[in-house]
Enquirer: 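Starting off with a structure, shown below.
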Amino acid sequence: MLLSEAGALSSGAAFLFGVSLTSFKTALADAWTQRVIERKLMKDVDLRRVGIFALYGLLYLGAVQYCLWAILFPRLFPGAATTRSVLCQVAIDQGLHWPFAAIPAFHIMKGLGERRSVLSSLRSCREVWWEDVKACWTVWVPAGLINFSVMPIALRVPFAAFVSFGYTAFVSFRRGAPVVE
């Protein structure tokens with residue numbers, strides 16, 4: 001890991017670490033869910049599903065969240081982590097980003113991995129959207145308050161990856177199985 005003079009991760013190293021960690025963690029959470037919670041034999045683990053989770057972890061949870069949390073938010077809310085700036089970041093993240101981007105993106109990526117159309121994937125998303133948003137808020141509002149108030153910017157994505165292992169396992173259990181139309 002590359003460290004800058006201030007002791008924080010350099011932005012390039014933080015990005016690579018974040019996307020690698022989120023991809024690995026998201027795939028591992030799905031594989032763990034299939035083996036432990038769904039009690040599948042190793043030979044029956046759906047590797048396409050694990051791959052979908054890994055790709056979502058890499059592209060969305062790693063890359064998109066890094067851009068949002070480590071680049072955009074610090075520019076929108078510079079300086080110290082004031083109560084107001086922390087609440088604004090959580091409000092944007094949980095009021096806009098997750099309900100209208102992250103959750104639909106998961107359903108679209110999952111649908112494409114299952115060879116369904118974007119429209120079909122969005123229909124599936126719409127059917128469970130409010131349940132997914134409420135579940136998301138239960139975990140991510142408290143985690144966001146911690147993430148945006150005390151975590152160094154370079155560690156926001158890794159912190160979220162740590163918290164989200166359980167959340168991802170929950171999503172995998174609820175939404176991982178292929179959609180039957």
Side-chain angles (χ1 to χ4, degrees), residues 1-2 9 12-69 93 97-99 101-144 146-147 151 154-181:
M1 221 179 297
L2 301 174
L9 289 170
F15 177 79
L16 290 174
F17 178 69
V19 297
S20 300
L21 179 64
T22 55
S23 182
F24 176 75
K25 175 273 314 172
T26 308
L28 183 63
D30 179 59
W32 181 85
T33 299
Q34 290 188 56
R35 287 278 291 133
V36 175
I37 296 174
E38 297 173 10
R39 300 186 187 277
K40 290 183 178 180
L41 297 173
M42 194 62 187
K43 68 179 182 65
D44 297 325
V45 169
D46 183 346
L47 295 179
R48 177 185 297 220
R49 175 175 149 179
V50 172
I52 292 166
F53 273 83
L55 192 59
Y56 181 72
L58 176 81
L59 298 177
Y60 201 93
L61 300 178
V64 171
Q65 285 187 163
Y66 180 86
C67 292
L68 183 65
W69 294 348
D93 192 48
H97 167 239
W98 272 94
I103 290 171
F106 169 76
H107 286 275
I108 290 168
M109 189 167 291
K110 181 178 177 292
L112 293 174
E114 295 171 357
R115 296 186 176 105
R116 292 185 292 120
S117 70
V118 170
L119 189 57
S120 169
S121 301
L122 288 173
R123 274 195 292 266
S124 297
C125 178
R126 187 178 59 222
E127 292 172 10
V128 297
W129 181 81
W130 182 235
E131 292 173 35
D132 289 357
V133 170
K134 290 187 295 186
C136 180
W137 287 348
T138 300
V139 172
W140 291 109
V141 168
I146 294 167
N147 206 10
M151 293 306 298
L155 297 179
R156 286 180 175 179
V157 170
F159 170 78
F162 174 76
V163 171
S164 76
F165 183 89
Y167 179 75
T168 302
F170 175 71
V171 170
S172 170
F173 178 71
R174 287 182 52 186
R175 305 287 179 239
V179 172
V180 178
E181 296 185 284

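Heavy atoms only: backbone and side chains are in, while hydrogens, waters and symmetry mates are out. It should be emphasised that the depicted structure is a prediction, and the values quoted were computed from it without experimental measurement.
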Enquirer: Would you mind listing every salt bridge (Lys or Arg N to Asp or Glu O under 4.0 Å) that reaches into residues 56-69, with sequence neighbours excluded?
Expert: none
Enquirer: Suppose the criterion is salt bridge (Lys or Arg N to Asp or Glu O under 4.0 Å): which pairs have a residue in residues 21-36, not counting sequence neighbours?
Expert: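 Passing the test, one end in residues 21-36: D30-R49.
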Enquirer: Starting from the C-alpha separation in whole Å, work towards a yes-or-no answer on side chain to side chain contact (heavy atoms under 4.5 Å, CB included) for K110 and S124.
Expert: CA-CA 10 Å; K110 181 178 177 292; S124 297; over 6 Å; no
Enquirer: Tell me, please, which residues at least two apart from F170 pass ring pair (Phe, Tyr, Trp, His ring centres under 6.0 Å).
Expert: none
Enquirer: Going by side-chain contact (heavy atoms from CB on, under 4.5 Å), name the residues that satisfy it together with L16, two or more places apart in sequence or in a different chain.
Expert: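 L16 satisfies side-chain contact (heavy atoms from CB on, under 4.5 Å) with no other residue.
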Enquirer: Tell me, yes or no, whether the heavy-atom count around F173 atom CZ, taken from other residues, nucleotides or ligands under 6.0 Å, exceeds 12.
Expert: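 Atom CZ in F173 is not crowded, with 12 or fewer foreign heavy atoms closer than 6.0 Å.
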Enquirer: With sequence neighbours left out, which residue pairs that include part of residues 156-170 fulfil the salt bridge (Lys or Arg N to Asp or Glu O under 4.0 Å) condition?
Expert: none
Enquirer: Quick one: side chains of residues 133-143, donor-acceptor pairs under 3.5 Å with protein atoms, not counting sequence neighbours, listed by atom name and distance.
Expert:
{"unit_1": "W137", "atom_1": "NE1", "unit_2": "Q94", "atom_2": "O", "d": "2.7"}
{"unit_1": "T138", "atom_1": "OG1", "unit_2": "K134", "atom_2": "O", "d": "2.9"}

Enquirer: Would you say the ring centroid of F24 lies under 6.0 angstrom from that of F165?
Expert: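 When the ring centroids of F24 and F165 are compared, they turn out to be at least 6.0 Å apart.
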Enquirer: Testing the basics here: between T26 and G57, what is the closest heavy-atom pair and its distance to 0.1 Å?
Expert: OG1-CA, 3.5 Å
Enquirer: Show me the donor-acceptor pairs within less than 3.5 Å that the side chains of residues 58-65 make with the rest of the protein, sequence neighbours left out.
Expert:
{"unit_1": "Y60", "atom_1": "OH", "unit_2": "H97", "atom_2": "NE2", "d": "3.0"}
{"unit_1": "Y60", "atom_1": "OH", "unit_2": "A102", "atom_2": "N", "d": "3.3"}
{"unit_1": "Q65", "atom_1": "NE2", "unit_2": "L61", "atom_2": "O", "d": "3.1"}

Enquirer: Once side chain to side chain donor-acceptor pair (under 3.5 Å) is applied, do any residues pair with T33, and if so which ones, sequence neighbours excluded?
Expert: none
Enquirer: Please name all residues satisfying side chain to side chain donor-acceptor pair (under 3.5 Å) with E131, sequence neighbours left out, ordered by chain then number.
Expert: R174, R175
